[in-house]
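Report on the following structure.
Numbering of ligands and ligand atoms starts at 1, following listing order.
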Amino acid sequence: STNLVEDEHVGGILLNARDVSERKAFEAELAHQAFHDPVTGLANRSMFAEQVRQTIARARRDGRSPAVIFLDLDDFKTINDSLGHAAGDEVLIEFARRLDESIRGADVAARFGGDEFAVLLEHVAEMQDAADAAQRILELLARPMRAGHRQVTLSGSIGISVFGAEDARDADELIRDADAAMYIAKRDGKNGYRVFEPAMHAGVLARLELRNDLQRALVSDEFELYYQPVVRLSDGSVSGVEALLRWRHPERGLVSPVEFIPIAEETGLIIPIGRWVLREGCRHARRLGADGTTLRMSVNLSLKQIQYSDIVADVRDALEDSGLAPDRLVLEITESVLMDDTELAVERLSELKALGVGLALDDFGTGYSSLSYLSRFPVDILKMDRSFLGDGAKPGSRSLATAVVGLGATLALEVVAEGIEEPEQAETLRALGCDLGQGFLFARPMTAEDSLAYVAEHPHRSAAHAAQS
Ligand code: C2E
Ligand code: CA
Ligand code: CA
């Protein structure tokens, strides 16, 4: 070794100079690994937090104003999922290089993992400085970079949290607030930045917490499926059930899917969660059909599952593992699935159809429902949105319902009216010739056990899927 390291006594053992230099190199390597992100070489979260702590402590003495910038790349998953992880890493590394080059000496750039980055600005004289820094980061992202054989450009959402005079926040709080502001920037349309204000806290913090908790919910077995009967309007018999996801949060109790599904979609967690719903729903359908009946099980799918996972394999696996006949499973999708990427949707839905499952168009009428879409997609069932029922007093809602039922008849699709609460609504729909209904009037979503009892107590009769065009 050319390193001239003096001999050292370690624990009474005399090490020679070579051992010592090797050990030091090894220790340095370990220290580097402990404080740096292995992919990009930037500081990692713990190193960054430590730097923020030190900078804040100095700022308290000398009155300077550090700022934390929190960056989350927009739609980075798309790159990873469509071009592969190697291409994804290539992009992260290139962006990290640009970021590192663009910051000033005393500033720190970090990667928190995934597609999250942070920058510590050691001092911002005025708010505009921080805003300019955020703007520069967005520009770095917008410059084309290589991802495998492709060129891509990125965008990101940025939150800024500035440490002011008399600021009582600690490092973790400063970072957390930048994260909260990022969340608002993302929600307000991505590719932009927002400066943290205390008023952002209430809603955003709750969401951040939910996001963290959601990551554990699947492994902690906190999800549950409720089931709501779908009833034949002509004779009141049960034709099937719809599986509705519930999250039994250890502190909050039952959390509504309206609250957590959007977060699950944003984070990509909807894919493993949706896979679980499919398996669990199919398993329960077997129990419901234990007496030989052929009740149908409807499962809701998210657009993300169709775009970013092998949904066909997941459905096939769920069917095979449960032993459920494919024609007893109905997959519910909303129109947005059809709107976003029509080619992909047509292909996926046709593959799903080929497995023998039924397809329902959910919340029909709330989107851009156009007839040309309907004719291109191999759907069997229209689920008419609750808003079509109106409050009964409005004459307009009745004519809309009439139109949807008529459309179903024309295209040979079954129609399920959702959200029936009043007997008059059921009566009106029956008179219009609507096949099926679902709503609190008949039954609220119930636990798996209750659904078994419900089915045992009510006459049931399933329908074959409507003829295909
Ligand atoms: P959705 O698919 O339209 O489900 C129907 C919603 O209407 C359910 O809300 C149900 O409880 C509610 N509902 C049923 N009958 C009535 C009624 O008579 N009156 C009123 N006011 N509401 C009624 P829920 O269970 O809160 O689910 C909300 C949404 O969350 C679902 O809307 C669906 O889009 C989504 N969701 C639920 N489970 C899953 C899932 O496993 N995966 C995915 N991707 N989305 C799910
Ligand atoms: Ca549904
Ligand atoms: Ca619906």
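- A salt bridge links Asp188 with Arg194: at least one charged nitrogen is closer than 4.0 Å to a carboxylate oxygen.
- For the pair Arg98 and Phe95, the cation does not sit on the ring face, since its NZ or CZ is not both under 6.0 Å from the ring centre and inside 45° of the axis.
- If you check the side chains of Ser157 and Asn191, you find no donor sitting under 3.5 Å from an acceptor.
- Screening residues 109-120 for side chain to side chain donor-acceptor pair (under 3.5 Å), with sequence neighbours left out, gives Asp37-Arg111.
- Within 4.0 Å of ligand 1, counting heavy atoms only, the contacting residues are Gln228, Glu242, Leu244, Leu245, Arg246, Pro257, Val258, Ile261, Val277, Asn300, Leu301, Ser302, Asp362, Asp363, Arg386, Glu418, Gly419, Ile420, Glu421, Gly439, Phe440, Pro445.
- Side chain to side chain, Asn300 and Glu242 meet the donor-acceptor criterion of an N or O pair below 3.5 Å.
- For the residue pair His284 and Ser322, no side-chain donor N or O sits within less than 3.5 Å of a side-chain acceptor on the partner.
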Salt bridge (Lys or Arg N to Asp or Glu O under 4.0 Å) evaluation trace for Glu224 with Arg248: CA-CA 7 Å; Glu224 207 173 308; Arg248 201 170 289 283; 2.9 Å; yes
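- For the residue pair Arg169 / Ser161, a side-chain donor-acceptor distance below 3.5 Å is found, with atom types taken as modelled.
- In this structure Thr293 satisfies the side-chain contact (heavy atoms from CB on, under 4.5 Å) test together with Asp291, Leu295, His460, sequence neighbours excluded.
- The set of protein atoms (N, O or S) found at less than 3.0 Å from the Ca ion (ligand 2) reads Glu242 OE2, Asn300 OD1, Glu332 OE1, Asp362 OD2, by chain and number.
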